[in-house]
J.: 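Take this structure first; my questions come after.
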Amino acid sequence: QVQLVESGGGLVQPGGSLRLSCVASGISFSTYAMNWYRQAPGKERELVASITRGGSIMYADSVKGRFTISRDNAKNRVYLQMNSLTPEDTAVHYCNAQRGVQSYWGQGTQVTVSS
């Protein structure tokens, strides 16, 4: 059974930081690309950051220079360090594991940026 479990979300003031974590089980973690998506109310889910099994990284333009994705294959974990948060970053953030046509999702963690 594949499980992806996110943690680390919460309420933070503008300009603050959060570190999201996602732990995977039931998959050969190191063979999957790992992605972070987010979905704000009334908006479509969007790709925020991704890291391939080889370590190549991509960011959405809206988070470049503020967010950092990383992975620890020994711990089956992927992280998203989020700095300089703004209210526009408020969304449910989802972890996604992808390999070919296989795609698995976590349940999401809420990030709210508000004063």
J.: Enter the distance from Leu47:CG to Met58:CE here, rounded to the nearest 0.5 Å.
T.: 4.0 Å
J.: Do Val92 and Met82 share a hydrophobic cluster, counting only Ile, Leu, Val, Met, Phe, Trp and Tyr and linking them when any side-chain heavy atoms are less than 4.5 Å apart?
T.: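 The answer is no; the residues belong to distinct hydrophobic clusters.
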J.: Could you tell me which non-hydrogen atom of Lys43 sits nearest to which non-hydrogen atom of Gln39, and how far apart they are?
T.: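 Taking every non-hydrogen atom into account, O-NE2, 3.1 Å.
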J.: Do Ile57 and Trp36 sit in one hydrophobic cluster, given that two such residues count as connected whenever their side-chain heavy atoms are within less than 4.5 Å of each other, even indirectly?
T.: yes
J.: What heavy-atom pair brings Leu80 and Ala49 nearest, and what distance separates the two atoms?
T.: CD1-CB, 4.1 Å
J.: For Lys64, what residues pass the salt bridge (Lys or Arg N to Asp or Glu O under 4.0 Å) criterion, not counting sequence neighbours?
T.: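 If we apply the salt bridge (Lys or Arg N to Asp or Glu O under 4.0 Å) test to Lys64, skipping adjacent residues, the hits are Asp61.
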J.: Grouping I, L, V, M, F, W and Y whenever their side-chain heavy atoms are under 4.5 Å apart, do Val111 and Val63 come out in a common cluster?
T.: yes
J.: Starting at CZ of Arg71, measure out to CZ of Arg77 and round the result to the nearest 0.5 Å.
T.: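 Interatomic distance, Arg71 CZ to Arg77 CZ, rounded to 0.5 Å: 13.5 Å.
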J.: Do Asn96 and Ser103 have side-chain N/O donor and acceptor atoms under 3.5 Å apart?
T.: yes
J.: Measure the spacing between CE of Met34 and CD of Gln98 and express it to the nearest 0.5 Å.
T.: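 Interatomic distance, Met34 CE to Gln98 CD, rounded to 0.5 Å: 10.5 Å.
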J.: Distance from Tyr32 atom OH to Asn73 atom CG, nearest 0.5 Å?
T.: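 Going from the OH atom of Tyr32 to the CG atom of Asn73 covers 13.0 Å.
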J.: Would you say Ser17 and Asn83 make side-chain contact, with heavy atoms under 4.5 Å?
T.: yes
J.: Tell me if a side-chain donor or acceptor on Gln81 pairs with a main-chain N or O of Arg19 at a distance below 3.5 Å.
T.: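 Not at all, since once roles are kept as given, no pair shorter than 3.5 Å links the two residues.
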J.: Are Val23 and Ile51 grouped together when hydrophobic residues (ILVMFWY) are joined by side-chain heavy atoms under 4.5 angstrom apart?
T.: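 As far as the 4.5 Å side-chain criterion goes, Ile51 and Val23 are not connected within one cluster.
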J.: Where is the tightest heavy-atom contact between Gln107 and Val5, given as atom of each residue plus distance?
T.: OE1-CA, 3.8 Å
J.: Looking only at heavy atoms, what is the nearest atom pair of Val48 and Tyr37, with distance?
T.: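 Minimum heavy-atom separation between Val48 and Tyr37: CG2-C, 4.0 Å.
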J.: Please work out which of the three classes, parallel, tilted or perpendicular, describes the rings of Trp105 and Tyr94, given edges at 30° and 60°.
T.: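 If you compare the ring of Tyr94 with that of Trp105, the planes turn out perpendicular.
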J.: Do Tyr79 and Val12 land in one hydrophobic cluster if side-chain heavy atoms of ILVMFWY residues count as linked below 4.5 Å?
T.: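 No, Tyr79 and Val12 fall in different hydrophobic clusters.
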J.: Is any side-chain heavy atom of Leu11 closer than 4.5 Å to a side-chain heavy atom of Ser114?
T.: yes
J.: If you look at every heavy atom in Arg38 and Ser62, which pair is closest and at what distance?
T.: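 Scanning both residues, the minimum pair turns out to be NH2-OG, 3.5 Å.
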J.: Please check: side-chain N/O of Thr90 versus main-chain N/O of Val113, any donor-acceptor pairing under 3.5 Å?
T.: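 Yes; at least one donor-acceptor contact below 3.5 Å.
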J.: So how far is it from Asp72 CG to Ser30 OG, rounded to the nearest 0.5 Å?
T.: 11.5 Å
J.: Taking salt bridge (Lys or Arg N to Asp or Glu O under 4.0 Å) as the definition, give me every residue that meets it alongside Arg66, ordered by chain and number, with sequence neighbours left out.
T.: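 Partners of Arg66 under the salt bridge (Lys or Arg N to Asp or Glu O under 4.0 Å) test: Asp89.
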J.: Could you grab the distance from atom CG of Leu20 to atom CZ of Phe67, nearest 0.5 Å is fine?
T.: 8.0 Å
J.: Work out which heavy atom in Cys95 is nearest to a heavy atom in Val78; give both atom names and the distance.
T.: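 It is SG-CG1, 3.8 Å.
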